[in-house]
Amino acid sequence: MENKLGPERNVLLSLKGVHKEFNGFVAVNRIDLDVYEGEFLCFLGPSGCGKTTTLRMIAGLETPTDGEIYLKGQRITHMPPQQRNIGFVFQNYALFWHMTVYDNLAFGLRIRRLSPKEIDRRIREVAERFELTDVLRKKATYLDLSSMQRVALARAILIEPYLLLLDEPLNNIRPGLRELMRADLKRMQRDLGCTMIYVTHDQEEAMTLGDRILVMNEGRVEQIGSPLEIYQQPVNLFVAGFIGRPPMNLIPVQYEVTAEQAWVVWKGYRWSVNSVKEQVEKSKPERGLVLGIRPEHVRLSPEGLGIPALVEVVQPLGRKDILVLKIEDTLLQAVVYGGAKVREGAIIWVEVPLRDAHLFSADTGRAVAHGIG
Amino acid sequence: MVCFHGDEGALMIKEKGKFKRATSSIGSIANLLNRESVFKIMLVTPMQLLLSFLLVPPFAIVIYLALVNWQPIFGSWTEAPFVGVSNFVRLFSDRQFFWALARTVVIVAISVSFQFILGMALALLFNREFHGKKVCVSVILYPMMLPWVVVGFIFYLLFLDHGPVNYVISSVFGPGATVSWFSSSVTALVAIILADIWQWTPFMFLMSYSALGAVPKELREAAMTLGANLWQIFRYVTFPTIKPVVLIALIIRALECFKIFDLIFIMTRGGPGVSTESMSLYIYRMGFRYGQLSFAAAVAIVVLVAISLVARIGVRPLLKEEL
Amino acid sequence: MTWRKWVLGLVLAGLGFLALADPVAERALAGLRELMNAGVIRPGQTFRIMIHSGQRGQLAPAVEELSRLTGLKIELVVIGYEADIYNKAMHEAIVRSGDYDLFLTFCNWIGDMAEAGLIVPLDSWIKKYDPEIHTGPNAYVKPLDLFTTQYGGHYYALGMDNDALVLFYRKDLLEDPNEQAVFEARYGRPLRLPETWEEFDLITEFFDRPEQGLRGAHLYLTRQFAYTSWAPRFIAKGGIYFDPLTMDPRIDTPEGVEALKEVLALQKHMFPETYTGDWSAAYTFFPEGKVFWTIAWASLGHWASDPETSKIAGKVGFAQLPGEYHEGELYRATPHVVGWSLSVSRYGKAPEAAYLIAQWLNSPSVSAQCITRTGTLDPFRLNHFKDPNLLAAYGPALGPVLLLNAEQSFPDISLRGANEYLDVLNLNLNAAAAGLLTPEEALSQTARAWQEITDRLGRGRQIESWQQEILRYPRHIRELWVKLGKVPPELAGL
Amino acid sequence: MKMLGSRRVGASQVVRPKSTIFWILRWAAILATLAFFSFPTVWLLSISFKPPIEWMAFPPTLVPRNPTFDNYVVLFRPELPKGTAGAMLRVTEPVTKSFVNSFIIVPVATFISVVCGFLAAYAVTRFRVGGAFMPFFVLTTRMFPPAAFAVPLLLYYRWLRLIDTPIGLIVIYAGFTLAFSLWMTKGFIEGVPRHVEEAAILDGASPWRVLFTITLPLVKGGLAATTLFVFILNWTEFLYALIFTSTRSITVPVQLSHYVGAVGRFYGPQAALGVVASIPVVALGYMIQKYLVTGFSFGLLKR
């Protein structure tokens with residue numbers, strides 16, 4: 001992967017061919033990755049895709065079966081987690097529940113044999129920032145979840161880690177509070193300027209938080225890039241289908257070449273793909289192509305223009321409606337402004353603007369072209 | 001808010017309105033049952049009934065017996081002469097009593113601490129997956145499931161002068177190295193304590209192991225990422241987390257071990273002489289073999305008071321934060 | 001009278017006729033029949049006998065037979081450890097449940113049981129039904145007739161057992177001419193069965209060959225039975241447990257100390273199991289051929305002579321225990337260790353019927369049959385020693401020796417508090433065997449404890465009991481005591 | 001910082017000396033433990049298959065020279081032909097009766113004990129009923145030496161006519177193990193975070209409902225361990241069983257003591273009965289095994 005944030009930033013962590021198997025099951029499949037200082041990287045993927053395992057290998061809680069991990073240029077593949085100085089915030093926070101909040105926060109510092117005075121100073125400072133001052137003397141079990149999360153974060157930050165790893169820390173928190181805490185986290189990361197890797201299966205979270213997003217599936221890295229890149233230029237069908245709500249419409253199409261003209265053909269409709277002919281030709285289009293169009297890019301057109309479609313379902317979301325359209329036997333989703341006043345059972349006409357469409361190889365699933373014409 | 005944490009951390013239910021609303025349709029009996037004061041009482045009632053039924057009258061009889069002078073050969077127990085504290089006076093001038101007490105304390109101290117250390121070490125050893133773990137656990141737990149009588153005679157046979165232990169010793173170190181285990185107080189106690197450790201380490205193991213299983217591995221991992229080494233993780237994270245369970249296991253073992261009877265009875269009968277006699281054996285000898293039931297009652301009361309004092313002074317502070 | 005009782009009476013009469021050969025059993029059955037007719041007991045009524053597990057095999061068939069004969073339901077309640085029988089019996093004295101009708105216990109416990117009010121005197125019934133204890137061809141071996149039945153001048157039990165110890169030795173070795181020649185050359189005297197304990201000790205030393213896996217002897221010095229090795233020497237030396245007039249202990253005398261020193265000196269020729277093991281050690285080592293000789297109960301004879309359980313079957317000899325010479329006369333004293341006897345519970349529903357059941361079991365013919373089966377009861381009546389089946393079970397050689405030993409046997413302490421007196425003695429002797437106490441200390445500590453017990457239980461009554469007990473010792477021992485001035489002649493019953 | 005491990009990137013097996021040593025040490029420890037805990041057990045099994053002459057034979061043999069099933073057969077058929085251990089023993093009745101008694105008395109007593117103990121433990125932990133004094137008071141019941149308590153209890157039981165009845169023993173067993181039921185379950189209940197219960201109370205559940213549908217499932221592993229332990233204590237108890245039974249309700253340990261015969265202790269049948277007697281406990285342990293270890297690891301911090 002190339003460095004989209006520019007070569008001027010230092011590589012903090014790099015994974016080289018990191019591979020992990022559990023009794024023959026490949027959890028993480030030869031990952032290469034560079035993480036830059038100060039960035040907020042999100043690991044995004046469905047559950048079981050290996051993102052947590054990767055995180056745990058970085059922290060040293062798992063040992064890779066193969067490959068190497070470097071932190072600040074030092075190989076740490078087999079270094080015990082105690083020596084790595086990497087902070088880790090667990091999904092369930094893993095607070096020491098027999099201890100007070102204060103003792104929880106002081107834990108790492110005491111291990112590092114700081115003077116009690118210094119420990120106290122640092123804790124006060126961090127507690128202030130995290131609004132934990134009032135609960136310092138409480139036992140960890142008696143906290144509410146939001147405080148628990150903050151304690152876990154504060155505890156990890158107090159050891160001044162090179163890198164902070166967060167494993168779905170907002171998973172347990174009810175919606176609403178979740179958005180607030182997400183914003184908190186982002187602000188905090190910016191203030192502290194620390195490097196974070198954040199694991200989530202929630203794409204909205206990843207999109208809002210991450211400077212970059214790493215999309216994982218079945219142990220493999222599918223794509224790394226900024227949220228916008230991932231959204232606009234998904235590298236393959238998986239990323240295309242995974243990112244975006246509602247998901248991208250994926251339509252199998254034929255490729256035809258007639259007299260210098262290249263077309264994709266679907267149910268008698270044809271679109272010219274001359275502008276990307278070169279790319280298309282490279283991808284062995286005779287095995288088929290897939291046309292991808294995000295629902296939000298499907299546009300209503302005046303009656304008689306475009307493709308006629310039957311409105312199966314209308315899901316009103318207020319300002320927007322999600323329409324499920326049926327074109328012959330194919331379902332297509334579209335997002336339209338609520339003002340459109342479409343009724344279920346009606347026939348409407350839609351347009352697929354090629355400029356926002358993506359073409360994928362049906363054979364390999366790889367992206368062939370983004371934005372045609 | 002209907003509930004909050006009381007000063008001592010107990011869950012308190014302040015208003016009853018909540019319950020009332022939830023159950024008003026069921027009727028007033030359910031309502032009554034659900035009232036906190038009634039609920040609390042009903043929880044402890046079965047235990048109170050059982051214990052009062054079983055213990056109060058016999059305990060009164062024990063106190064009565066300790067204050068009179070009665071042996072079955074003197075006739076009816078209800079007509080025994082009142083002697084005040086003379087049974088207690090006699091007890092405090094009995095060297096054998098104090099020796100038995102001291103010996104029992106030593107047995108408890110050695111045996112239980114070994115059980116604790118071994119059981120804990122084993123629990124830590126087994127607190128990760130490996131092949132054949134289930135079988136190993138079953139093997140370790142088995143001794144606990146045997147009747148004491150059986151454990152007693154296995155170890156008696158093992159430690160006989162011509163038993164397997166001496167056989168192994170003589171084949172490894174030569175015939176001169178064998179030990180006549182039951183011939184002296186110290187070696188006989190070693191055999192007895194070994195038997196007790198063998199039988200009851202499994203209990204400490206089971207308790208620590210179950211408790212360890214309840215500690216989420218993230219706690220240890222969190223400590224790891226914070227820089228704690230293995231010992232620090234155990235000392236500051238794992239052990240404090242399982243401490244309530246382990247402490248209770250320790251107390252239970254100590255109490256049971258204090259009453260150690262069967263093993264000694266079968267292995268040495270307190271011999272040679274009275275040199276391996278535990279408190280229970282002493283009471284048994286006085287009360288059962290010699291029929292001095294009044295004296296035995298006095299001994300039992302003194303022992304009970306002594307242990308209670310130890311428990312109040314020594315154990316309560318330990319448990320303070322758990323209570 | 002209902003027809004049922006008639007039929008039952010007829011059956012009992014018929015069976016009684018068959019048993020006529022044994023008038024004791026016949027009288028017992030007749031008595032039961034009478035009680036049934038009188039309505040004191042009824043058919044199907046349950047009677048329970050508390051026994052030790054070692055006797056179930058011996059008694060179960062007899063009890064079944066009696067149930068069949070009488071229509072009563074007679075059950076055996078088995079207790080595993082001997083010591084527990086004392087506890088359970090004494091608990092019955094406390095709770096008076098009436099669950100038991102008869103107790104088969106150690107005969108030296110009857111003092112405690114009688115004093116606790118648990119068992120009833122049998123004098124009138126013995127007079128009425130005559131179990132032939134003292135006289136006749138089927139009488140008890142003397143002095144068993146006295147000390148297995150009496151306490152405090154009354155009959156309290158019917159003895160069921162003879163636990164006079166026997167000396168078991170390796171006949172093949174003792175009669176080996178080579179061994180005899182070597183022995184004579186070394187000690188200047190012939191190798192033969194010992195008359196005195198001194199000879200016994202020499203022979204023990206002679207045959208102690210650890211390098212060949214053979215130890216000289218196995219004598220009990222265990223926590224429970226240590227006194228059985230010390231007491232025969234002590235008594236044969238003329239020792240007596242208590243002063244007959246003051247009840248002061250007389251065990252820490254020169255005889256006592258000397259006897260203990262002799263026993264302890266033998267320890268170097270014995271396995272340590274003598275004091276660390278339990279009583280089954282002798283039953284292991286001797287049949288395995290690991291010790292030259294041992295002193296134990298008659299049942300070891302069975303065990304050692306049976307090829308199934310013994311490696312030395314056919315090589316076992318039986319002998320009297322040695323003694324001591326006093327003025328040219330040999331005095332042998334054999335300890336009668338424990339010994340089981342039947343006593344009648346005061347709290348049973350029908351004590352007289354229970355007594356009759358006991359008498360039936362105790363009768364010459366029935367007891368002979370019981371003893372023929374394997375168990376802890378051994379022959380105690382004169383007729384037993386002539387019973388061909390019984391002698392066949394014991395082997396022809398053991399019977400006569402057992403009889404001789406029984407005739408010289410002396411009882412365990414059987415005062416009230418006997419259990420305590422003996423246990424204190426045992427634990428101190430055991431401690432001496434382990435080297436925890438010197439012989440002098442062991443005996444003087446025992447003496448002190450005995451004084452305390454006597455004072456606690458009432459010295460006056462204990463003196464009285466002890467004087468009665470002296471009369472139950474065999475005649476030759478009483479004569480020895482008088483000769484040595486230990487007992488005034490008028491108290492020795494001579 | 002020290003770097004461990006091989007330089008070969010891409011090797012599938014990375015050699016780690018430190019881990020190997022740990023691995024060896026761990027397995028050495030496990031094997032030593034197994035040896036220590038299994039040897040007496042193996043010896044017990046070995047004796048149970050030995051004929052009488054080998055019970056105490058020297059040199060001892062681990063594998064019986066003439067293995068026999070007599071010791072097991074004699075448990076169920078005491079009258080055996082001559083030449084067998086059974087013929088020498090002939091002192092017992094079949095073990096079936098005592099097993100039936102134990103199977104009635106022990107589970108009932110264990111159930112009562114654990115239920116009473118659990119309820120009381122809940123009251124003590126959550127409501128502090130009886131203050132800090134009460135659990136200690138209950139614990140004192142366990143401090144009393146049975147040898148001193150048996151006779152007074154006997155006097156009392158005689159008055160109640162409970163001697164030699166299953167109910168009598170059930171009450172004794174339930175009562176004297178109650179302290180353990182209370183204390184053990186108390187430890188486990190304390191491990192349940194209170195907010196779990198709070199949530200249910202806020203949802204309007206009655207206290208009984210909270211107890212049985214929230215707390216109980218969370219501590220079922222602890223209850224399983226407690227039940228097993230109490231069951232074992234009751235199953236193996238000897239002194240009270242001996243004193244409070246005579247014919248009708250003897251239990252297995254009392255039966256065990258009956259294998260003392262005319263010529264000493266019958267170690268073979270005792271060992272065999274020991275093995276047989278442990279089967280119900282092992283079976284119980286097996287049945288509740290999955291609760292035992294993982295049962296109360298409900299993820300104390302998870303919701």
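Model, not experiment: these values are computed from the prediction. The sequence lines fix the lettering, A, B, ..., with proteins before strands; numbering per chain opens at 1.
- For B:Arg289, the CZ atom sits in a packed shell: over 12 heavy atoms of surrounding residues, nucleotides or ligands are nearer than 6.0 Å.
- The side chain to side chain contact (heavy atoms under 4.5 Å, CB included) test with D:Val151 is passed by exactly one of B:Val62, B:Leu293, B:Ile61: B:Leu293.
- Ranked by heavy-atom pairs under 4.5 Å with chain B, the first of D:Ala123, D:Ala277, D:Ser257, D:Pro280 is D:Ala123.
- Ring pair D:Tyr122/B:Phe39 is perpendicular by interplanar angle, where above 60° counts as perpendicular and below 30° as parallel.
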request  = Please step through side-chain contact (heavy atoms from CB on, under 4.5 Å) for the pair D:Phe176 and B:Leu55, ending with a clear verdict.
outcome  = CA-CA 9 Å; D:Phe176 282 115; B:Leu55 298 174; 3.9 Å; yes
task = Decide yes or no on side-chain contact (heavy atoms from CB on, under 4.5 Å) for D:Leu211 and B:Leu43, but give the supporting numbers first.
result = CA-CA 10 Å; D:Leu211 174 56; B:Leu43 286 176; 3.7 Å; yes
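- With a 6.0 Å radius and a threshold of 12 heavy atoms from other residues, nucleotides or ligands, D:Leu160 has its CG atom above the threshold.
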ask   = Could you go step by step and tell me if D:Phe37 and B:Tyr142 meet the ring pair (Phe, Tyr, Trp, His ring centres under 6.0 Å) rule?
value = CA-CA 8 Å; D:Phe37 283 103; B:Tyr142 189 69; over 10 Å; no
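- Chosen from D:Phe118, D:Phe238, D:Trp27, the residue pairing most often with chain B at heavy-atom distances under 4.5 Å is D:Trp27.
- Taken to the nearest 0.5 Å, the CG atom of B:Leu255 stands 5.0 Å off from the CG atom of D:Leu139.
- Neither the backbone nor the side chain of B:Gln199 comes within less than 4.5 Å of any heavy atom of chain D.
- Here B:Leu54 contributes atom CG and D:Thr141 contributes atom OG1; the two are 8.5 Å apart, rounded to the nearest 0.5 Å.
- A donor-acceptor pair is defined here as one N or O able to donate and one able to accept, closer than 3.5 Å; such a pair exists between the side chain of B:Trp198 and the backbone of D:Phe36.
- Of the listed residues (D:Leu256, D:Leu34, D:Leu155, D:Leu153), the greatest number of heavy-atom pairs within a distance under 4.5 Å of chain B belongs to D:Leu155.
- B:Tyr167 OH to D:Thr61 OG1: the interatomic distance, rounded to the nearest 0.5 Å, is 9.0 Å.
- For B:Phe59, the parts lying near chain D are the backbone and the side chain together; criterion is any non-hydrogen pair under 4.5 Å.
- For B:Asn166, no part lies under 4.5 angstrom from a heavy atom of chain D.
- The part of B:Phe288 that comes within reach of chain D is its side chain, from C-beta onward, which places non-hydrogen atoms under 4.5 angstrom from that chain.
- Looking at B:Leu122, only its side chain comes within 4.5 Å of chain D, counting heavy atoms on both sides.
- The residue among D:Gly274, D:Ala179, D:Ser113 with the most heavy atom pairs within less than 4.5 Å of chain B is D:Gly274.
- Residue B:Ile307 holds its CD1 atom at 12.0 Å from CZ of D:Arg142, rounded to the nearest 0.5 Å.
- The candidate with the highest count of non-hydrogen atom pairs below 4.5 Å against chain B, out of D:Trp159, D:Trp208, D:Trp43, is D:Trp208.
- In this structure, the portions of B:Pro164 lying under 4.5 Å from any heavy atom of chain D include both its backbone and its side chain.
- Proximity of B:Met47 to D:Leu178: side-chain heavy atoms (C-beta onward) are separated by under 4.5 Å at one or more points.
- Only the side chain of B:Lys259 comes within less than 4.5 Å of a heavy atom of chain D; its backbone N, CA, C and O stay farther away.
- Heavy atoms of B:Leu146 lying under 4.5 Å from chain D belong to its backbone as well as its side chain.
- If you measure heavy-atom distances from B:Met286 to chain D, you find no contacts under 4.5 Å at all.
- For the residue pair D:Ala148 and B:Ala300, the shortest heavy atom distance occurs at CB-CB, 3.2 Å.
- Chain D forms more heavy-atom pairs under 4.5 Å with one residue of B:Val135, B:Ile140, B:Val149 than with any other, namely B:Ile140.
- Remark: D:Trp183 CH2 to B:Leu247 CG distance equals 9.0 Å, nearest 0.5 Å.
- Here the closest non-hydrogen pair linking D:Gly175 and B:Leu51 is O-CD2, 3.7 Å.
- Aromatic rings from B:Phe203 and D:Phe229 are positioned such that their centres are separated by under 6.0 Å.
- Taking CD1 of D:Ile170 as the start and CG of B:Leu50 as the end, the distance is 11.5 Å to the nearest 0.5 Å.
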